[in-house]
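The structure under discussion appears below in the form of structure tokens.
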Amino acid sequence: MAQQNHRKDDLLVSYNFIRAVRESGYVSLSTALAELVDNSLQAAATVISVTITRPVAGGFPEIRVEDNGVGMSRPELEACLRFGGSSRFDERKSFGRFGMGLPAASLSQARRVEVTSWQGNKAAHQVCLDVDAIVTGAPVDLRARRRSGGTTGSGCLVVWQNCDRIEYKRLAWLERALRRDLGRMYRRFLGNGDVTLSINGKQVDPIDPLLLTAKIEGHSARMAFEPLRYELASSSGETAFVTVRFSMLPVDHWHHLDNITKRRVGIVGGAGVSILRAGREIASGWHLMGGKRKENYDDWWRCEIEFDPVLDEHFGITINKQGVRPSQVLQEALGPELESIARLLNSRARQAFEEVKFRAATETSCRIAEAADLDLPVIRRTGKGSGALSYRIGSQQLPVGTMFTSSLKRRTLDVTLNVDHPAFAALYHPLQTLSDEAAGELRVALELFLLSLARTTTLLGRDGQNCDTLLQLWSRTYGRMLQKS
């Protein structure tokens, strides 16, 4: 048998080794294809084109990845399909490190891989690796052969033939999945305009899981804090920084979206941590969150962790760069604080949903106040807008001594109740024990009382009278009385 044709001192049995490499653990076509995109970027390519076809109806797909990078010399080309044959072995300056990506990723998806490269106006040369030829016992020949045809500039073309590991029956579905996955992995490079990546002629757009750049109904997520930076020492003695960013999604503007839309734009199913190595996403999931478990409210915030390849040991980078295994040092340095922040943002999301429900319940009171406003003393116009006021009631945490605040902007009187003031619980909690009808009537009466007080103080304030002191004294007095009741 072919696999028996080897010397006793051979390090590898080619047939069995190739079979093992084909099971190298790439979780998807996207992660395997990313190895080729990494190589293109490392070769300073600015244009990367992916073409997916099915040469024979009903047959296996073929994938071509072409770039305008610096190309490879003939010796580099002859080494590129050798396992560990990288000229940058164990380099920590960019994507590649072990020289395993191109051959391992290629054979994990295809039965034959061809690599063609050219530099300047010199002739192009090609090498190939064929699984079926190796199975028959043919010797592995990685000598570069000249390819006919003219070339301009420099670049590289990788062709995967007989892609027998691709499960997609329709190439349109495969194309859509690749555009989504690669757009997320390489968002940093695609977003700054330095690199163009296309699939079957259609440009891949950057996809930001933090949703900071997404515009959904006119709104985007926002940074929850300034970026956090942690300095760690590598095994070589060098130090580098780990940068952590958190974003908070706008619950008040997106909560009403249907579940299909939420999933499509990445709200539902997008929770967790995105980990970037040298600007490229290598993992996403629930990482470095300590003892906190993922909950539904965690869909409404995001985390991004970025590190330099110098710190690979701390993140436990695997050969195929599609996962992390944080070291104990990394977990101790980041874990406690990230877990604390995760719990805080979960709480903020929960509170935001309570605020949404609270605002919805106040709509009746606000409509009544707006209907009455036409018959009330006019508040002098300031800024944009004129006529009757609109009203809005909300709730959030405010300084303990303040029962509520009010502000008038663009003819909307916004009243914010302090959930930490004793009055909030004293006035609203008893409503839960009443029937819906009785609770509704009492709530409207209560909120009209608050709106009328806020409107009166606003009116007096516009007449030049200082009402801030009045509100503060009234809030403090009312709070003290409630505490004694």
Heavy atoms of His314 and Leu330 approach each other most closely as O-CD2, 3.4 Å
For Tyr428 and Glu447, run side-chain hydrogen bond (donor to acceptor under 3.5 Å, both in side chains): C-alpha distance rounded to whole Å, both residues' side-chain angles, the deciding distance at 0.1 Å, then the answer. CA-CA 10 Å; Tyr428 279 95; Glu447 290 170 350; 2.9 Å; yes
Do Asp208 and Arg184 meet the salt-bridge criterion of a basic N to acidic O distance under 4.0 Å? no
Taking NZ, NE, NH1 and NH2 as the nitrogens, is one of them in Glu354 or Arg350 under 4.0 Å from a carboxylate oxygen of the other? no
Salt bridge check, Asp205 against Arg187: does any charged N sit closer than 4.0 Å to a carboxylate O? no
I'd like a table of donor-acceptor pairs (distance under 3.5 Å, sequence neighbours excluded) in which one partner is a side-chain atom from residues 225-233, with atom names and distances.
unit_1, atom_1, unit_2, atom_2, d
Tyr230, OH, Glu337, OE1, 2.8
Glu231, OE2, Thr239, OG1, 3.1

Test side-chain hydrogen bond (donor to acceptor under 3.5 Å, both in side chains) applied to Glu332 and Gln328, step by step: CA-CA 6 Å; Glu332 292 175 355; Gln328 189 66 31; 3.2 Å; yes
Is it the case that more than 12 heavy atoms not belonging to Asn296 sit under 6.0 Å from its CG atom? no
Below 30° counts as parallel, above 60° as perpendicular, anything between as tilted: where do the rings of Trp254 and Trp300 land? tilted
Show, in sequence, the C-alpha distance, side-chain angles and deciding distance for Arg277 and Asp312, and conclude whether the salt bridge (Lys or Arg N to Asp or Glu O under 4.0 Å) test is met. CA-CA 9 Å; Arg277 176 184 184 267; Asp312 274 356; 2.8 Å; yes
Apply side-chain hydrogen bond (donor to acceptor under 3.5 Å, both in side chains) to the pair Asp414 and Tyr391, showing each step before the final yes or no. CA-CA 6 Å; Asp414 199 332; Tyr391 293 84; over 6 Å; no
Would you call the rings of His429 and Phe424 parallel, tilted or perpendicular, where under 30° means parallel and over 60° means perpendicular? perpendicular
Pair Gln203-Ser198, side-chain hydrogen bond (donor to acceptor under 3.5 Å, both in side chains): steps then yes or no: CA-CA 4 Å; Gln203 186 169 319; Ser198 64; over 6 Å; no
Ion pair present between Glu306 and Arg245, side-chain N to carboxylate O less than 4.0 angstrom? no
Measure the shortest side-chain to side-chain distance between Ile393 and Phe358 over non-hydrogen atoms and say whether it is less than 4.5 angstrom. yes
Shortest non-hydrogen pair, Asp299 vs Gly269, comes out as OD1-N, 3.8 Å
Check whether more than 12 heavy atoms from other residues, nucleotides or ligands sit under 6.0 Å from atom CH2 of Trp173, and answer yes or no. no
Could you tell me whether Asp38 and Arg280 make a salt bridge, using a distance below 4.0 angstrom between a side-chain N and a carboxylate O? yes
What I'd like to find out is whether the side chain of Ile52 reaches to under 4.5 Å of the side chain of Arg64, using heavy atoms alone. no
Between Glu281 and Pro209, the two heavy atoms sitting closest are OE2-CG, 4.4 Å
Closest non-hydrogen atom pair, His421 against Val400: CD2-O, 3.5 Å
Can you find a heavy atom in the side chain of Asp298 that is under 4.5 Å from one in the side chain of Trp286? yes
side-chain contact (heavy atoms from CB on, under 4.5 Å) filter on Ala342, not counting sequence neighbours, yields Met289, Lys292, Trp301
Within the 4.5 Å heavy-atom criterion, are Thr243 and Ile305 side-chain neighbours or not? no
Between Phe315 and Ile275, is any pair of side-chain heavy atoms under 4.5 Å apart? yes
